[in-house]
Amino acid sequence: MDVSNILASHAAKFQSVTVEKETPLDVDTGLLTVTDLTPIDEDSYKSNLEEYLQITARDGIQALVAALYGLPTQPSPDGPLAQLPAPTTQLPRAKPLPKLKPPTKWERFAAAKGIQKRVREKKVWDEERQEWVNRWGKDGKNKEKEEQWIHEVKADAPVDHDPVKAARDARTSRVAKNERQRLQNNARAQTAAGDREERKKDIERTLATTRISTASMGRFDNKLDGEKKLRGVKRKFEAAETSVEQEKQASLAVLSKLDGDVKRARKEKGAGDDVLNVRKAIRNVSKGKGGVALAREANRKGAKSKRGGKR
């Protein structure tokens, strides 16, 4: 019985697992992405958009699945798992890379002494309970001295000594010490990152100011250890000889400045355009009586002199 026609018709219903395109697909198995750089067929895109998108998506998924089947696998309870390689596509970051934190005081000490970091387990074995208990937290091993039913008390202990309270205070003091050290490390890191540079700039700015405050611009001053050479600080002198035009412009500038100062002084005194303050002079001569009284007195003296002349 010839079944070749039946197999051919059955195979025609399914597309090939191999994807062939003019531009090869860029498959990144590390990110499980496929990039299709093939130019869009305008006729197929406009005639039947939905079918065109389905065909394009099918080709990308088929290429990704074929790449996944070519990766090494490892067994698991849920079945074989493919070991994804490192991504090859460089993705932009939304934020800049975080700055490296400066080492803490203990980390610097451990590096100097060659002490290796050892991670302590969260669970410890309790011989009395015969089970694994938490090292810290609720029902932690660090609270066993507070919860035990019998305590050893020294012979010279005070009468009101409470061993439970003493054990609790010792534990809380250790917690407070750790928190204080953590805050000190944070403050030290912030100081090392920003405040130290700012303080250094302030010191350099102060040194530069003190240098130029002397007549020699700091040329003959004693230098400090590690002090950098200051550049760009020069003392400027006016030229000894100038042209006639420059001297004329300088004289006009001085005269205009003096004229402005005089006008400003007149305006502030309220004397108008006169240099002499007439009101103040009249007030002083008339002894505060005013200009009208001074005029009447002058007329009276003039009439008396006329009468004396006729006699």
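From a predicted model like this one, the values you see are computed outputs, not experimental measurements.
Under the 4.5 Å side-chain criterion, counting only non-hydrogen atoms from C-beta, K141 is in contact with D126. T73 places none of its side-chain heavy atoms less than 4.5 Å from the side chain of L81. Annotation: side chain of V34 is not in contact with side chain of D26 (no heavy-atom distance under 4.5 Å). Within the 4.5 Å cutoff, the side chain of K122 has no heavy atoms near those of the N134 side chain.
Residues passing the salt bridge (charged side-chain N to carboxylate O under 4.0 Å, His left out) test with K95, sequence neighbours excluded: none. A search for side-chain contact (heavy atoms from CB on, under 4.5 Å) contacts involving E51 returns N48, I55, not counting sequence neighbours. In this view, R135 satisfies the side chain to side chain donor-acceptor pair (under 3.5 Å) rule with no residue, not counting sequence neighbours. Listed by chain and number, the residues in a side-chain contact (heavy atoms from CB on, under 4.5 Å) with Q83 are P72, Q74 (sequence neighbours excluded). Residues satisfying the salt bridge (charged side-chain N to carboxylate O under 4.0 Å, His left out) test with E42, not counting sequence neighbours, are K46. For the side-chain contact (heavy atoms from CB on, under 4.5 Å) test, residues two or more places apart in sequence or in another chain that qualify with H151 are Q148, P163, V164. By the salt bridge (charged side-chain N to carboxylate O under 4.0 Å, His left out) test, D28 pairs with no residue at all, sequence neighbours left out.
Counting heavy atoms of neighbouring residues, nucleotides and ligands inside a 6.0 Å radius, atom CD of E127 exceeds 12 of them.
With 3.5 Å as the limit, one finds a donor-acceptor pair spanning the side chains of D36 and T38. Side-chain atoms of K105 and N185 form no donor-acceptor pair, as typed in the model, at a separation below 3.5 Å.
Applying the ring-ring contact (aromatic ring centres under 6.0 Å, His included) test to residues at least two apart or on different chains, the pairs with a partner in residues 74-113 are W106-F109. Among pairs with a residue in residues 164-180, those fulfilling side chain to side chain donor-acceptor pair (under 3.5 Å) read E146-R171, K165-D169, E179-R182, at least two apart in sequence or across chains. Residue pairs satisfying the ring-ring contact (aromatic ring centres under 6.0 Å, His included) criterion with at least one member in residues 113-135, sequence neighbours excluded, are listed as follows: W125-W132. For residues 70-94, no pair satisfies ring-ring contact (aromatic ring centres under 6.0 Å, His included), with sequence neighbours left out.
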Intermediate values then yes/no, side chain to side chain contact (heavy atoms under 4.5 Å, CB included), L31 and L91 | CA-CA 10 Å; L31 296 176; L91 297 179; 3.8 Å; yes
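Within the hydrophobic cluster formed by Ile, Leu, Val, Met, Phe, Trp and Tyr side chains joined at under 4.5 Å, directly or through other members, L49 is accompanied by I40, Y45, Y52, L53.
T29 and L84 make their closest contact through O-CD2, 3.6 Å (heavy atoms, listed as atom of the first residue, atom of the second, distance).
Hydrophobic clustering of Ile, Leu, Val, Met, Phe, Trp and Tyr side chains at less than 4.5 Å, counting indirect connections, keeps V27 apart from Y69. The same ILVMFWY cluster, assembled from side-chain heavy atoms under 4.5 Å apart, contains both L32 and L71.
Using a distance-only test at 3.5 Å, with no hydrogens or angles considered, no donor-acceptor pair links the side chain of S44 to the main chain of D41.
Atom CZ of R108 is separated from atom NZ of K113 by 14.0 Å, given to the nearest 0.5 angstrom.
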